[in-house]
Structures are given as structure tokens and as C-alpha cells.
Protein chains: 4
Amino acid sequence: MPKVGMQPVRRQQLIDATIESVAELGLRATTINSISKKAGLSSGIISHYFGGKQGLIEATVRYLLSNLKQVLLGGLKADTTPEQRLMLIVEANFSRLQQQSNATKTWLSFWAQSMHDIELHRLQNVNSKRLSSNLACSYKQLMNIEDARNAAQLSAAMIDGLWLRAVLSKSDEDEFEHCEQLAKGYVRSLIKQYGS
Amino acid sequence: MPKVGMQPVRRQQLIDATIESVAELGLRATTINSISKKAGLSSGIISHYFGGKQGLIEATVRYLLSNLKQVLLGGLKADTTPEQRLMLIVEANFSRLQQQSNATKTWLSFWAQSMHDIELHRLQNVNSKRLSSNLACSYKQLMNIEDARNAAQLSAAMIDGLWLRAVLSKSDEDEFEHCEQLAKGYVRSLIKQYGS
Amino acid sequence: MPKVGMQPVRRQQLIDATIESVAELGLRATTINSISKKAGLSSGIISHYFGGKQGLIEATVRYLLSNLKQVLLGGLKADTTPEQRLMLIVEANFSRLQQQSNATKTWLSFWAQSMHDIELHRLQNVNSKRLSSNLACSYKQLMNIEDARNAAQLSAAMIDGLWLRAVLSKSDEDEFEHCEQLAKGYVRSLIKQYGS
Amino acid sequence: MPKVGMQPVRRQQLIDATIESVAELGLRATTINSISKKAGLSSGIISHYFGGKQGLIEATVRYLLSNLKQVLLGGLKADTTPEQRLMLIVEANFSRLQQQSNATKTWLSFWAQSMHDIELHRLQNVNSKRLSSNLACSYKQLMNIEDARNAAQLSAAMIDGLWLRAVLSKSDEDEFEHCEQLAKGYVRSLIKQYGS
DNA sequence: CATGAATGAGTATTCATTCAT
DNA sequence: TATGAATGAATACTCATTCAT
């Protein structure tokens, strides 16, 4: 039943299946078969739409990153205060777990792989830099540039650190929620500490 | 060239080669051949000494963890103040990069794999718990239990977060050094904030 | 050259190649490569169609057994006398050598392996029981039940014994023919001895 | 603890371990390690005494065959009648199961392998011929040569057939005993039938 | 558009053999 | 005389890719 205009549908089907498979089996055990089976499609379709497994992996990472960006932009309105913006950034980063039931493991797999994959590393760096610069941008409205940059780096580390430890200890949603609160508390303490 | 008493020598040779190979190629691309070639030994020897690839991987993780523990214990003397102890813990955790030229990437690979490997997860959890409890133990001498526990969780997250971001951005030694200072500064600020 | 509807063709190709390889090299020296080479196919195809070497081995045994059954059923017509039926059973069992140029050696290999392989043992038992019960069924029409059972056991042993010794001494077709006549003669002598 | 004159002791230890291992695991799964472990010796000793695995296998077959021969000769006394001799031959052949707790499976493995191993085939043929000629020799004293040869061939087939079916159906000792009685009964019926 | 049959290089593992001690 | 460390060829199996339909 070949149809026209299936391209975006098929692509998304395959990306969703990839996230599921990596979360469930790990990047290592994820095969073109495990993905296509989850998508309910044939294995050949992957080469057809993504040129190969590697292409699908990269498209999946790009999708996860752009999703994170959308969540962030979606929450920003014209009249948000700098502090509200900072809270939104924290929330967006912890929401990485909600997009798919368990896409958290997927993030971690891609991080590790990015150490040995140039394209993945580039994508991951763009994202990392964006977190820092988003944070710094808001902090700058509350303190001097030097302190803002420091606060941004520390907050970014705290967010990733809390998130990572939560993922690695296979925490449930409540514990993630608790970590999100800790991160917000830390951001507030930085504002109080350096804020003018 | 069979000799007697080679067991510990060969085991260490293979563990070192594994760390090198995982750092260079990633856990995924590390094969029994890449390891044995680096060790200058035959592939069969891995089964002989570790029962298989999985056994060698686990032995390598155990080695890295025990090394971290040794670094920590090695720095502790009788007359260290709680604050000195906390600084030592931070240093030990950042020293993960120095034990082997580039064992940092290796740690990250093992973390990711631990999400899909029960034994690795168990080992990683022991280590994670030890960091928290070591920190909490020292904090308890400086503040009340509730605050100490919180401080320990936050410091652990900050240490791992700073370390992770440094690894992921392929930082050089100076940047690691800077991160270590940031971590220490954060620990000091927690002491000042909650300390009685 | 992927085509549709090749499944049964490929399966039979591989089963034939297995019989050939086991006959020529023995079960022990038969590898996935020796089979796929004989079949003119790649080694991967075996996993594709049979899940692995073991699956192909079992399918091959099943094929040989079902073939034996077919030869037997094929010879039976409505108006055969019990004695004619008994002769047909003997013939069918000796025909094991004709189905494939030299499938006899293959049978022997599978028998030996059945001592250490549950599934093969099950299959081999079904076959062995069928020979006994087919013989007993015909004998019962010629003598009392007790004698029929005895005659069946003795005839089955005589058939297998003559066949085995012919195989082990690498007999030619004439000698097989002679053994078949001996077996038939023995069956007739049992009928004369016990027959009412 | 190197000692002199250990050669025959070690050889027998290894042959016994081979019989055990082949019976338990099958010829296919029997390795130099499974044998040397059962013998409580090192793996290297096998090359030392038998030149390799193949040499040990052949020595083991030779041992089983010579044992069968000994059992037969041992039972023969000066004043045995031809019929007694025939019964002894049957008994000796069924005793193949008693030499080692379960050496029966071992025989079958070697038979199958003899189809693809010249030396094994030679040994097995000598044994097979001896059975026939021993039987024929005794029969000749009771009937004319033609009938004796026929009777020998049929008896040999009956003995092997009954024994084979008993082994393949994993019969217990009682069932083996029953088969031995059936074989003896058959020999007696042949004597009655052709005997002058 | 989409399938899935077919390939074959690559992987971990096994194991008979060798040989320094 | 005896060991067992070390080897590396061989084996079964996996899986990304290709391509005829």
C-alpha cells in the first residue's frame, strides 16, 4: 500500500521506535531490526529514509534536542521575569524524562556515544552551550557578568548532575520531581547570593 | 612463553588494555581483539583469565572503582578536619582522569552501559552511594543531620555534574582543574551556609 | 537476488545440503559453512530460516523421518495382506539408503547424537516406536497378541541390526539388497513359526 | 612428583576418563579438558602419552575392543559345547554395558565416528568380523557350512540390533537382560532349525 | 513506496596443540 | 615426568546493507 506524502509520518515513526528501543535495550543492543519491528515496518525502510542506521541515530538525537528547545521556547512569554525564566529552564531540562515514557536512558546512551562520534558530539555540544548561554542570559539581568557566567556554569552542572544521578539510580518520577526542586532551590540561592 | 606466577601480571595487562580501548574506541567498538592487541596478547587469553569479555569488563569496572576508593583512603590521615576531608573527596573524584591518561571516557561508557547491565549497575550504585555517604559523614560533623544529608546530595550532584560536563566537552587538564576548584568552592559555601 | 516464495525452496536446499554434508564429513565435522557452501548459499541464511545450526539439524532429522513414513504409507494399498504389509515395512526401512545417494551415514550420525540431545532422542524414539507398532499391528492379524509383540520386537531388531552392519561395513547396494532379503526371510520364518 | 614407571598407570587413567567423558557428554562434546579433568591430570599429559586427542580416542577404542575379546576368551574352557560357546558369545557382547557403568553410549559414538575415520573403521571392522567368524565357527559344528554362515550373519545382526535398540531407548539393566535372553533364544531357534 | 530475502564481514567463544618450566 | 600458560585457527552467530520485486 504505497502512499504519497508518507515521508514525515514514516520518519517520525522510526524516530519514536529508536527512542523506545535505545531506552529499552541500550544503544549497543539496538539493531535495525529491533527498531523496525517496534515501528511495525520493514528493516529496509531505514536505509530508504535515513541512509542507514547511523543516519537514523543522528536524526533521533536531533529530534530530542529540538524537542528540548521547543519545550523551553514554548514556556517563554513576553512578560516573564528573569527568575521565572531560570525556573523554566530547569523545568525544561527535567522534562527530558517525560517526552517519552522513559527517554531518559536514551539521553545517557547518546551522551556516552558522543565521546566517539563526531556528529553526535557536535550536536551535544550545541545543546550544552545553549543551556549555559540561556542560563547566563537570565542571570546577567540579575547580577554582574562575571558572577552571571559563574552562576550559569554552576547551575548547568547542578542540573545535569542531579539529573544524571537520578537517571543512574533508576529513580521514579517523584524522585525526579524532588531533584527538580533541589535544582530550583540552588538557582534561587545563587540569585540571593550574587543578586544585586 | 608460559611462565608461572603470571596470573596477576596478565590480568592487569588486560584490564589496562581494556581501559585504553574503551577510552579510545568506546565500549561499543571495543572488541576482544582490540583489547588483546593492545595488551600484546592473544584473544584466547581473555577467556582463560576472565571467562569472557563480560568478565573482563566487570573486572575493569571493579578495578576503576577500587582505585577511586584507594585514592580516597590514601589521602586520609588521622588529624584531618571535616573540611579537609571534604576537599579530599572532591579531589579524589576529579582524579578519576589522572589514573590513566584518559580513563574519563571509560567511566562515562560504563555509566551508560550500567542502565542495561545488572552487574554494572550494582557496582555503579555502590560507588554512587559511597560518595554520598562519605560526604554526609563529614558534613554531619559541621551541621545538623538533615542539612548534612541535603548538602551531601547537592555536593555529589555538583561534583558529578561538573565532571560530566568537563568530560563531555573534552576539556583539557586546566579546565578540569578549574572545575575541581568550583566544586570545592561550592562545598565551602554549603559549609558556610548551613554550618553552625 | 531476493525473490518471493523462496522459503520452501531454500529450506529444502539447506536440508539436502545438510544430509550431504553429514554423510560426507560426519555430524561432527559438519559446519554451518560446509552446509551453506554445498547449498550454494551464504552462511547467514541458515539463521534466517532455521534460527541456527541446531534448528537445521532438527529439521533435517524430521525430514528424514517423515520421508521414511511417506515411503511406507505410499506402498500401502487397500487390499494388501498382513504378510505383504510386513514386507513393505522391511522394504521401506531398507530404502533409507536410496532417498539420497548416501543418507545412510546420516542416519547413523543422528542416532549417536540422539544419546546426548533431547530433541533428537525424542524424534528418534517416535520413529523407533512406529516401526515396532507397525510391525506388531500386522503380526496381530497372523498370531496371538503375545507372540505378535515378540515377533515385532525381534523383527525390528533384525531389521536395524542387518541395516546397521551393512552401513558400518560400507556395503554396496547389492549387499543391502541381500540384507533386505534376509530380513524378509526372517519375517516369513516368524510368521510360519507362530502363525496360526 | 615425577615418578618412573607411571606410563601404564597414566595411560589407563586417561582411557578410563575418555570412556566416562564420551559416555556422559558424547564424542562431540568431549574435549581434552573434560578428559584430563576427569582423570585428575593436566591437559598436556595427553599429548605426552598419546600424541594428541586422536591418539587417545584410538587407544580407547582399541582398549574397548580388546576388552570385549578378553571377556570372550575368558569364558571359554576346553570342554564347552558349541551351543555353550554361542551363548558365551552373546553374553560377552551384551556385557559391553557392564565394563564401565555406562560405556554403551561410548560404543555407539565410536561406531558413528568410524564412518568418517579410517583407523576407527578398521578397528571396528576387525571386531565385527570377529563376531561373525566366532559365531560361524561354532555353528559349523552344528550344521553345514552354508547354513552356518547364514546363521552367523543373522545372529550377529540380531545381537547388534537388540543391543542397539536397547541403547537408543536408554533401557535399564533389566531390559538389557531381557534382550540378552531374546538373543540367546534366537540362537537356539537357529540351531534347532538348521541343526542336524 | 515498501518489503524482506540474501549477503558476508565481524564478533565472542572454544579448544587442540605447543612448550617453558 | 608433569604442568598449565599461551596461542590462534575454527565455529556459530549477528546484523547493517543491498536490491529485486
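This one's a predicted model, so the numbers in the text were calculated from it and none came from an experiment.
In this structure, of F:dC13, E:dA2, F:dT3, it is E:dA2 that holds the atom nearest to the side chain of A:S42. Looking at the side chain of C:H48, the nearest of the listed nucleotides E:dA6, F:dT14, F:dT1 is E:dA6. The nucleotide whose nearest atom lies closest to any side-chain atom of B:S47 is, among F:dT7, E:dA6, E:dT13, E:dT13. Closest to the side chain of B:T31, from the set E:dT13, E:dA2, E:dT11, is E:dT11. Closest to the side chain of D:I32, out of F:dT7, E:dC1, E:dA16, is E:dA16.
Using a 4.5 Å heavy-atom cutoff, the side chains of A:H121 and A:Q113 are not in contact.
In this structure, NZ of D:K37 is placed 14 Å from P of F:dT3, rounded to the nearest angstrom. The distance between atom CD1 of C:I57 and atom P of F:dC13, rounded to the nearest whole Å, is 10 Å. One interatomic measurement links the two molecules: CZ of C:R11 to C1' of E:dA6, which rounds to 16 Å at whole-angstrom precision. For B:R28 and E:dG10, the CZ to P distance is 15 Å, given to the nearest whole Å. Summarising the geometry, the separation between CG on D:L56 and P on E:dC15 is reported as 16 Å, rounded to the nearest angstrom. If you take CD1 of A:I45 and P of E:dT3, they are 5 Å apart, rounded to a whole angstrom. We find that CD of D:Q54 is positioned 9 Å from P of E:dT17, with the value rounded to whole Å. Nucleotide E:dC15 holds its P atom 12 Å from the CD1 atom of D:I35, rounded to whole Å.
A salt bridge does not link B:E24 with B:K105: none of the charged nitrogens is closer than 4.0 Å to a carboxylate oxygen. Ion pair B:K53/B:E58 not flagged as a salt bridge, since none of the NZ, NE, NH1 or NH2 atoms sits closer than 4.0 Å to an Asp/Glu carboxylate oxygen.
Between A:R10 and E:dC1 there is no side-chain N or O to OP1 or OP2 distance below 4.0 Å. In terms of phosphate contacts, A:Y49 brings no side-chain nitrogen or oxygen within less than 4.0 Å of OP1 or OP2 of E:dC1.
A:G44 comes within 4.0 angstrom of a base, heavy atoms only. Using a 4.0 Å heavy-atom criterion, one finds that C:F50 contacts no nucleic acid atom at all.
Side-chain contact annotation: D:S36 with D:S43, donor-acceptor N/O pair under 3.5 Å absent.
In terms of position on DNA chain F, the residue among C:N33 and B:S43 whose nearest nucleotide sits closer to the 5' end is B:S43. For B:I46 and C:G40, each mapped to the nucleotide of DNA chain E holding its nearest heavy atom, the one lying further toward the 5' end belongs to C:G40. Comparing B:A29 and D:K53 by the nucleotide of DNA chain E that holds the closest heavy atom to each, the one mapping nearer the 5' end is B:A29.
The heavy-atom pair separating A:L123 from A:L65 by the smallest distance is O-CD1, 3.4 Å. Taking each heavy atom of C:Q13 and C:L41 in turn, the nearest pair found is OE1-CD1, 3.9 Å. Heavy-atom minimum distance, B:Q124 versus B:S114: CG-OG, 3.9 Å. Nearest heavy atoms, A:I19 versus A:T106: O-OG1, 3.3 Å.
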Using Watson-Crick or G-U wobble pairs with both distances under 3.5 Å, give me DNA chain E in dot-bracket, 5' to 3', with [ ] for crossers and | for pairs to another strand.
.||||||||||||||||||||
